[in-house]
Amino acid sequence: MILVTGGAGFIGSNFVLDWLAAGDEPVLNLDALTYAGNLRNLESLTGDPRHVFVRGDIGDRALLDSLLARHRPRAIVHFAAESHVDRSIHGPAEFMRTNVQGTFTLLEASRAHWATLPSGEREAFRFHHVSTDEVYGSLAPGAPAFTESHAYEPNSPYSASKAASDHLVRAWHHTYGLPVVTTNCSNNYGPYHFPEKLIPLMIVNALAGKPLPVYGDGQQIRDWLYVSDHCSGIRAVLAGGQLGETYNIGGWNEQANIDIVRSICTLLDELRPDPAGPYERLITHVADRPGHDRRYAIDARKIERELGWRPAETFQSGIRKTVQWYLDHADWVAEVQSGGYRDWVEQNYARRSPNAPR
Ligand code: NAD
Ligand code: TYD
């Protein structure tokens with residue numbers, strides 16, 4: 001079996017669902033169920049013996065030791081993290097605890113487990129670290145996209161914590177020989193995306209007739225990838241990636257935030273027209289994010305050259321599926337918009353007094 005950490009979050013739950021749809025190898029899913037973890041994402045696996053869920057923290061060494069000894073996974077795919085840049089600005093401590101200290105604890109437990117394996121299993125073992133393109137910092141307009149050899153220049157507490165974890169993973173390979181691979185992926189979107197992030201927030205706000213808060217001038221660029229393409233990229237690297245190597249995963253799809261928001265509005269105008277008028281009327285420019293990275297873009301040629309991976313979805317097909325998923329899952333949205341969610345929205349947006357559109 002494989003151990004997945006953070007498998008009740010956005011990408012982790014998509015990964016677990018896709019993994020079990022593609023094969024029969026069981027998954028041990030370790031997740032602390034923070035505000036971002038949601039077992040409803042996995043409810044289609046209820047009663048499925050291939051999925052074993054354990055609620056627990058990656059920083060709990062005793063729990064990790066007992067799970068590894070009992071289940072003897074052949075690989076660990078490490079998603080668990082605090083993942084939202086704005087939250088890292090408000091409260092960085094949890095990012096250091098989970099992303100840095102938690103990854104350290106998981107590496108140490110993995111190393112101890114790996115050392116006990118018989119030689120064939122030792123060689124086959126993999127620690128797959130799931131990371132982000134944000135570790136590379138911000139690109140100037142027209143600068144070449146991030147390759148795997150781009151310098152690390154993290155700018156937010158989130159990206160600094162992920163960069164730190166990437167360095168730990170690298171060091172555990174070079175010093176102890178732990179068989180690791182790392183993937184650095186661009187912004188994902190798709191089903192089960194928590195509506196604190198740009199795309200799901202815009203969809204759920206539009207449907208509720210609420211303002212669509214665009215930070216600053218909305219010209220910041222991200223390279224969007226449909227989540228199941230990220231999952232297939234991880235499977236490809238887990239199966240065939242070179243030990244100690246990193247692979248960038250991206251969608252070849254750079255877009256300014258304001259254009260993403262307009263695309264969502266246009267799709268909603270078609271799929272769920274609002275009698276009050278086009279959804280674009282709700283776009284509101286608000287105060288920018290401190291230290292806001294201007295542009296990310298991934299050069300995904302290495303994973304294509306070495307492993308034959310390319311995204312299957314275009315942005316047009318992926319965003320249509322995503323908007324439709326949110327229209328079809330109003331109950332999921334209502335459930336995640338709990339008291340804690342409302343507190344966050346209040347905290348993050350109350351201070352951003354609306355600017356005139358620029
Ligand atoms: P998410 O916030 O939706 O989910 C994180 C999951 O980790 C949640 O289920 C949460 O309960 C769990 N978790 C948090 N702290 C934990 C702890 N201490 N112990 C155990 N579980 C814990 O995040 P996501 O968007 O699914 O991102 C998953 C991974 O992918 C992260 O490592 C993130 O850095 C990386 N990544 C995300 C994106 C993106 O666009 N979302 C892009 C590239 C890389
Ligand atoms: P986000 O989804 O938080 O991902 P990240 O910051 O990790 O790239 O944000 C994507 C972009 O959208 C980013 O440039 C910030 C911007 N943004 C807004 O303009 N308004 C919002 O309400 C949010 C949440 C994000």
Side-chain angles (χ1 to χ4, degrees), residues 4-15 29-39 41-42 54-60 63-64 77-89 94-95 97-99 101-103 105-106 129-135 138 155-156 158-159 161-162 165-166 183-190 192-202 205 211-225 227 230 233-234 248-250 255-258 260-261 283-289 292-296 298 336 344-345 348-349 352:
V4 168
T5 72
F10 162 47
I11 305 173
S13 60
N14 276 283
F15 180 82
N29 185 348
L30 173 65
D31 195 297
L33 297 181
T34 68
Y35 79 94
N38 186 352
L39 282 179
N41 302 0
L42 300 160
V54 175
R55 183 176 191 174
D57 198 300
I58 56 164
D60 182 342
L63 173 65
L64 292 175
V77 186
H78 176 35
F79 293 93
E82 290 293 331
S83 67
H84 188 33
V85 173
D86 292 317
R87 284 186 191 255
S88 83
I89 296 168
E94 203 55 23
F95 289 71
R97 196 188 73 76
T98 286
N99 301 3
Q101 185 72 30
T103 300
T105 306
L106 185 64
H129 179 56
V130 179
S131 193
T132 165
D133 60 355
E134 304 194 22
V135 298
S138 189
N155 291 319
S156 72
Y158 164 66
S159 56
S161 70
K162 291 297 291 187
S165 67
D166 292 10
T183 45
N184 294 87
C185 188
S186 59
N187 286 63
N188 286 213
Y189 67 100
Y192 306 113
H193 204 181
F194 194 77
E196 64 184 356
K197 307 277 171 66
L198 179 75
I199 287 181
L201 183 85
M202 296 298 153
N205 275 17
L212 307 180
V214 172
Y215 295 169
D217 64 4
Q219 293 301 329
Q220 303 82 6
I221 290 171
R222 300 291 183 264
D223 178 354
W224 294 94
L225 180 70
V227 62
H230 185 188
I234 292 171
N248 285 353
I249 305 180
Q255 291 203 52
N257 292 339
I258 188 70
I260 294 285
V261 177
I283 292 176
T284 311
H285 288 258
V286 299
D288 209 349
R289 172 187 281 174
H292 199 169
D293 284 338
R294 202 68 187 159
R295 176 176 167 237
Y296 305 139
I298 281 281
V336 300
W344 162 251
V345 169
N348 190 41
Y349 295 97
R352 298 178 188 272

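Everything quoted here is computed from the prediction, not taken from an experiment. Ligands are counted one by one from 1 in listed order, and the atoms in each one are counted from 1 as well.
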Exercise. So, Arg294 and Asp217, do they make that salt bridge, N to O below 4.0 Å?
Worked result: yes
Exercise. Does any N or O atom in Tyr349 lie less than 3.5 angstrom from one in ligand 2, N or O only?
Worked result: yes
Problem set entry | Under 3.5 Å donor-acceptor, Asp223 side chain and Ile298 backbone | yes
Seminar exercise, completed: Note: Phe95 and His84 closest approach over all heavy atoms is CZ-O, 3.3 Å
Exercise. So which protein heavy atom does atom 4 (O) of ligand 1 come closest to, and at what separation?
Worked result: Gly9 CA, 3.4 Å
For this session: Consider only side-chain N and O atoms of Glu82 and Tyr158, and report whether a donor and an acceptor are under 3.5 Å apart.
Result: no
Seminar exercise, completed: Quick note on ligand 2: atoms under 4.0 Å from a heavy atom of Glu134 include exactly 5 (P), 7 (O), 8 (O)
Seminar exercise, completed: ligand 2 to His84, heavy atom cutoff 4.0 Å, flagged ligand atoms 3 (O)
Exercise. Which protein heavy atom lies closest to atom 40 (O) of ligand 1, and at what distance to 0.1 Å?
Worked result: Asn188 N, 2.9 Å
For this session: Please verify whether a non-hydrogen atom of Tyr158 lies at under 4.0 Å from ligand 2.
Result: no
Exercise. Considering only protein heavy atoms, which is closest to atom 31 (C) of ligand 1, and at what distance to one decimal place?
Worked result: Phe79 O, 3.1 Å
Exercise. What atoms of ligand 1 come closer than 4.0 angstrom to any heavy atom of Asp57?
Worked result: 17 (C), 18 (N), 19 (N)
For this session: Using distance alone, with no hydrogens and no angle criterion, decide if Asn184 and Asp166 have a side-chain donor and acceptor under 3.5 Å apart.
Result: yes
Problem set entry | Protein heavy atom at shortest distance from atom 2 (O) of ligand 1 | Ser83 OG, 2.6 Å
Exercise. N/O of Gln220 under 3.5 Å from N/O of ligand 2, yes or no?
Worked result: no
Seminar exercise, completed: At under 4.0 Å between heavy atoms, what of Val85 touches ligand 2? The answer is side chain
Exercise. How are the rings of Tyr349 and Tyr215 set relative to one another: parallel (under 30°), tilted (30 to 60°) or perpendicular (over 60°)?
Worked result: tilted
For this session: Compute the shortest N/O to N/O distance between Pro213 and ligand 2 and return yes if it is under 3.5 Å, no if not.
Result: yes
For this session: With the side chain counted from C-beta on, respond yes when Asn205 and Pro213 share a heavy-atom pair under 4.5 Å apart, and no when they do not.
Result: yes
Exercise. What are the atoms of ligand 1, with element, lying closer than 4.0 Å to any heavy atom of Gly37?
Worked result: 8 (C), 9 (O), 11 (O)
Exercise. Given side chains that start at C-beta, do those of Asn14 and Tyr192 come closer than 4.5 Å, heavy atoms only?
Worked result: yes
Seminar exercise, completed: Distance col, row Leu198:CG vs Asn187:CG, nearest 0.5 angstrom, shows 8.5 Å
Exercise. Do Val130 and Ile11 touch side chain to side chain, with heavy atoms closer than 4.5 Å?
Worked result: no
For this session: Mark the output for Phe194 as yes if a heavy-atom distance to ligand 1 is under 4.0 Å, and as no if none is.
Result: no
For this session: Could you list the residues that satisfy side chain to side chain donor-acceptor pair (under 3.5 Å) with Arg295, not counting sequence neighbours?
Result: Glu254
Exercise. Under a 4.5 Å cut-off applied to non-hydrogen side-chain atoms, are Gln220 and Ser138 in contact?
Worked result: no
Problem set entry | Which of the ligand 1 atoms, numbered from 1, are nearer than 4.0 Å to a heavy atom of Tyr158 | 33 (C), 34 (O)
For this session: Look at atom 44 (C) of ligand 1 and find which of Gly102, Ser131, Gly250 reaches it with the closest heavy atom.
Result: Ser131
Exercise. Is the shortest heavy-atom distance from the side chain of Leu106 to the side chain of Leu64 under 4.5 Å?
Worked result: yes
For this session: Would you mind telling me if ligand 2 is within reach of the side chain of Leu201, the backbone, both or neither, using heavy atoms under 4.0 Å?
Result: side chain
Problem set entry | Atom indices of ligand 1, in the order listed, that fall short of 4.0 Å to a heavy atom of Asn187 | 40 (O)
Problem set entry | Heavy-atom pair with the smallest gap, counting every atom of Ser156 and Val85 | CB-CG1, 3.9 Å
For this session: List the closest protein heavy-atom neighbour of atom 24 (C) of ligand 2: residue, atom name, distance to the nearest 0.1 Å.
Result: Glu196 O, 3.2 Å
Problem set entry | Distance from atom 16 (C) of ligand 2 to nearest protein heavy atom, with residue and atom | Asn257 ND2, 3.4 Å
Exercise. What is the nearest protein non-hydrogen atom to atom 9 (O) of ligand 1, stated with its residue, atom name and distance?
Worked result: Asp31 OD2, 2.6 Å
Problem set entry | From Ile11, Thr105, Thr98, Val77 - option closest to atom 38 (C) of ligand 1 by heavy atom | Ile11
Problem set entry | Heavy-atom side-chain contact between Asp57 and Arg97 under 4.5 Å | yes
Exercise. Among protein heavy atoms, which sits nearest to atom 15 (C) of ligand 2, and what does the distance come to when rounded to 0.1 Å?
Worked result: His292 NE2, 3.4 Å
Problem set entry | Nearest neighbour of atom 14 (C) of ligand 1 from the list Leu106, Thr34, Ile58, on a heavy-atom basis | Thr34
Problem set entry | Ligand-residue contact atoms, ligand 1 with Gly56, heavy atoms, under 4.0 Å | 19 (N), 20 (C)
For this session: Just jot down the ring pair (Phe, Tyr, Trp, His ring centres under 6.0 Å) partners of Phe10, sequence neighbours excluded, or say none.
Result: His193
Problem set entry | Protein heavy-atom partner closest to atom 43 (C) of ligand 1 - residue, atom, separation in Å | Cys185 O, 3.3 Å
Seminar exercise, completed: closest protein heavy atom to atom 30 (O) of ligand 1 is Val130 CG1, 3.6 Å
For this session: Please state which part of Asn187 comes within less than 4.0 Å of ligand 2, counting heavy atoms only: side chain, backbone, both or neither.
Result: side chain
For this session: Measure from atom 32 (O) of ligand 1 to every heavy atom in Arg87, Lys162, Lys197 and give the option owning the shortest one.
Result: Lys162
For this session: Show which atoms of ligand 1 fall inside a sub-4.0 Å distance from at least one heavy-atom site of Leu33.
Result: 11 (O)
Problem set entry | Candidate with minimal heavy-atom separation from atom 10 (C) of ligand 2, of Thr132, Leu198, Asn188 | Leu198
Seminar exercise, completed: Honestly, for His84 the part within reach of ligand 1 (heavy atoms, under 4.0 Å) is neither
Exercise. Would you call Trp344 and Asp86 a side-chain contact if the rule is heavy atoms closer than 4.5 Å?
Worked result: yes
Problem set entry | Closest to atom 5 (C) of ligand 1 among Ala81, Gly12, Gly6 (heavy-atom distance) | Ala81
Seminar exercise, completed: Filtering Ser13, Gly59, Ala32 for the heavy atom nearest atom 21 (N) of ligand 1 leaves Ala32
For this session: Indicate, as side chain, backbone, both or neither, the part of Arg222 found under 4.0 angstrom from ligand 2 when only non-hydrogen atoms are considered.
Result: side chain
Exercise. Checking salt bridge (charged side-chain N to carboxylate O under 4.0 Å, His left out) for the pair Arg87/Glu196: CA distance, chi angles, key distance, verdict?
Worked result: CA-CA 10 Å; Arg87 284 186 191 255; Glu196 64 184 356; 2.6 Å; yes
Exercise. Going by distance only, is there an N or O of Lys197 that falls short of 3.5 Å from an N or O of ligand 2?
Worked result: no
Problem set entry | N/O donor-acceptor pair under 3.5 Å between Asn188 side chain and Ser186 backbone | yes
Exercise. Given side chains that start at C-beta, do those of Lys162 and Glu134 come closer than 4.5 Å, heavy atoms only?
Worked result: no
Exercise. What are the atoms of ligand 1, with element, lying closer than 4.0 Å to any heavy atom of Ser186?
Worked result: 42 (C), 43 (C)
Problem set entry | Option set Phe15, Phe10, Tyr189, criterion heavy-atom distance to atom 3 (O) of ligand 1, minimum | Phe10
Exercise. Any side-chain donor paired with an acceptor under 3.5 Å for Tyr189 and Arg222?
Worked result: no
